[in-house]
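These notes are about the structure you will find just below.
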Amino acid sequence: MQLVKEKNQPVGETVNLAYWNEFYKRFYIEEESTFCSYIKSRIDKDTLIIDIGCGTGQDIRSFYREGFCVTGIDRSLEVINSNNNVIKQAGYRDSIDFKQVDISSESELSKFIQEKLEEARGRKKKLLVYSRFFLHSINQQTEEVLLKTLAKQLDNGDLFAAEFRTIEDANKEKVYNNHYRRFVDSEQLVKNLEEVYRFEVLEYTKGTGFSIYKGEDPYLARIIARKS
Ligand SMILES: C[S@@+](CC[C@H](N)C(=O)[O-])C[C@H]1O[C@@H](n2cnc3c(N)ncnc32)[C@H](O)[C@@H]1O
């Protein structure tokens, strides 16, 4: 698969769908990420978590085992079906599910967020929209759909957390370098979250050493923001 450069067109994302469906036929990750442990140490149990671009769902299963109500969503039907089989075989029930949702579709995302907000309010919980290694997998247009939808629908106190590759990572060596990535300008994202989308950024860090994989130490940013 070749690396696709794009200019605000959904080309990279379209190629990416085929890439991820193929990838998930071969790969399965069991262990939670370091970002998942970091977030767990910072949130209360009265939080309902949705993981957008959840991949093999290792983080969502870990949140579930800690007692959180969770849903993982991803555009890849391949991985959603496989995740639902895994939790069925493990005997996990209620409070956890995986669903196919394409974040680039404003109507699909908006309907899903609305359902989850109603569930969270019914359970007297706040919502955490969690994403690891997702923002750099989508194009600028899809990022705008996501943030605009969250800004419109989340209530004060709901949370957004993200770990992603930044522009400083663009020229570093990669283990997998055969698919679409958009290296995110994290300073600009923080500014947009605060000035355009009305979030209060509670934590923002960037650098290396956060998530080392097979000798690759990517340059990442971590953000936790609260709707205000
Ligand atoms: C780099 S993987 C990260 C997976 C997982 N969060 C992790 O940390 O292992 C990016 C994921 O985003 C998903 N994805 C990409 N574009 C998407 C979209 N428009 N809507 C929903 N999921 C998408 C891909 O299918 C893939 O599973």
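Counting convention: from 1, in listed order, for ligands and their atoms alike.
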Heteroatom proximity flag, Ile103 to ligand 1, N/O under 3.5 Å: yes

Which of the atoms of ligand 1 are close to Gln58, meaning less than 4.0 Å from one of its heavy atoms? 7 (C), 9 (O)

The complete set of salt bridge (charged side-chain N to carboxylate O under 4.0 Å, His left out) pairs with one or both residues in residues 195-212, sequence neighbours excluded, reads Arg42-Glu203, Glu168-Lys206, Glu187-Lys206, Lys191-Glu195, Glu200-Arg226

Atoms in ligand 1 with a heavy atom of Val101 nearer than 4.0 Å: 20 (N), 21 (C)

Tyr204 with Leu135, same ILVMFWY side-chain cluster at under 4.5 Å: yes

Tell me whether Arg165 is salt-bridged to Glu216, with the criterion being a basic N under 4.0 Å from an acidic carboxylate O. yes

With a cut-off of 3.5 Å and sequence neighbours excluded, list every side-chain donor-acceptor pair involving residues 84-91.
{"residue": "Asn84", "atom": "OD1", "partner": "Phe98", "partner atom": "N", "Å": "3.4"}
{"residue": "Asn84", "atom": "ND2", "partner": "Ile80", "partner atom": "O", "Å": "3.4"}
{"residue": "Asn84", "atom": "ND2", "partner": "Phe98", "partner atom": "O", "Å": "3.0"}

For ligand 1 and Thr142, I'd like to know whether there is a polar contact (N/O to N/O, distance under 3.5 Å). no

Hey, which atoms in ligand 1 end up nearer than 4.0 Å to a heavy atom of Asp102? 18 (C), 19 (N), 20 (N)

Interfacing atoms of ligand 1 (cut-off 4.0 Å, heavy-atom, Cys54): 5 (C), 6 (N)

Tell me whether ligand 1 is touched by Asp74 - counting only heavy atoms on the residue side and a distance under 4.0 Å. yes

Does a side-chain heavy-atom distance below 4.5 Å link Phe183 with Thr166? no

Kindly confirm or rule out a cation-pi arrangement of Lys227 over Phe160, judged by NZ or CZ under 6.0 Å from the six-membered ring centre and within 45° of its axis? no

Any N/O of Asp59 closer than 3.5 Å to an N/O of ligand 1? no

Given that the side chain starts at C-beta and the backbone is N, CA, C, O, which of these parts of Ser131 lies under 4.0 Å from ligand 1, counting heavy atoms, or is it both or neither? neither

Per-atom filter on ligand 1: closer than 4.0 angstrom to a heavy atom of Ile138 are 16 (N)

Would Ser76 count as a polar contact of ligand 1, with the cut-off being nitrogen or oxygen pairs under 3.5 Å? no

ILVMFWY cluster, Phe63 and Leu159 together (side-chain gap under 4.5 Å): yes

I'd like to check whether Gly53 has a polar contact with ligand 1, where a contact means an N/O of the residue lying under 3.5 Å from an N/O of the ligand. yes

Within-cut-off N or O pair, Arg132 and ligand 1, under 3.5 Å: yes

At a 4.0 Å cut-off, with the gap strictly under it, does some heavy atom of Tyr24 reach an atom of ligand 1? yes

So, do Tyr38 and Phe210 have ring centers that fall under 6.0 Å from each other? no

Is there a donor-acceptor pair closer than 3.5 Å between any side-chain N or O of Asp158 and the backbone N or O of Asp155? yes

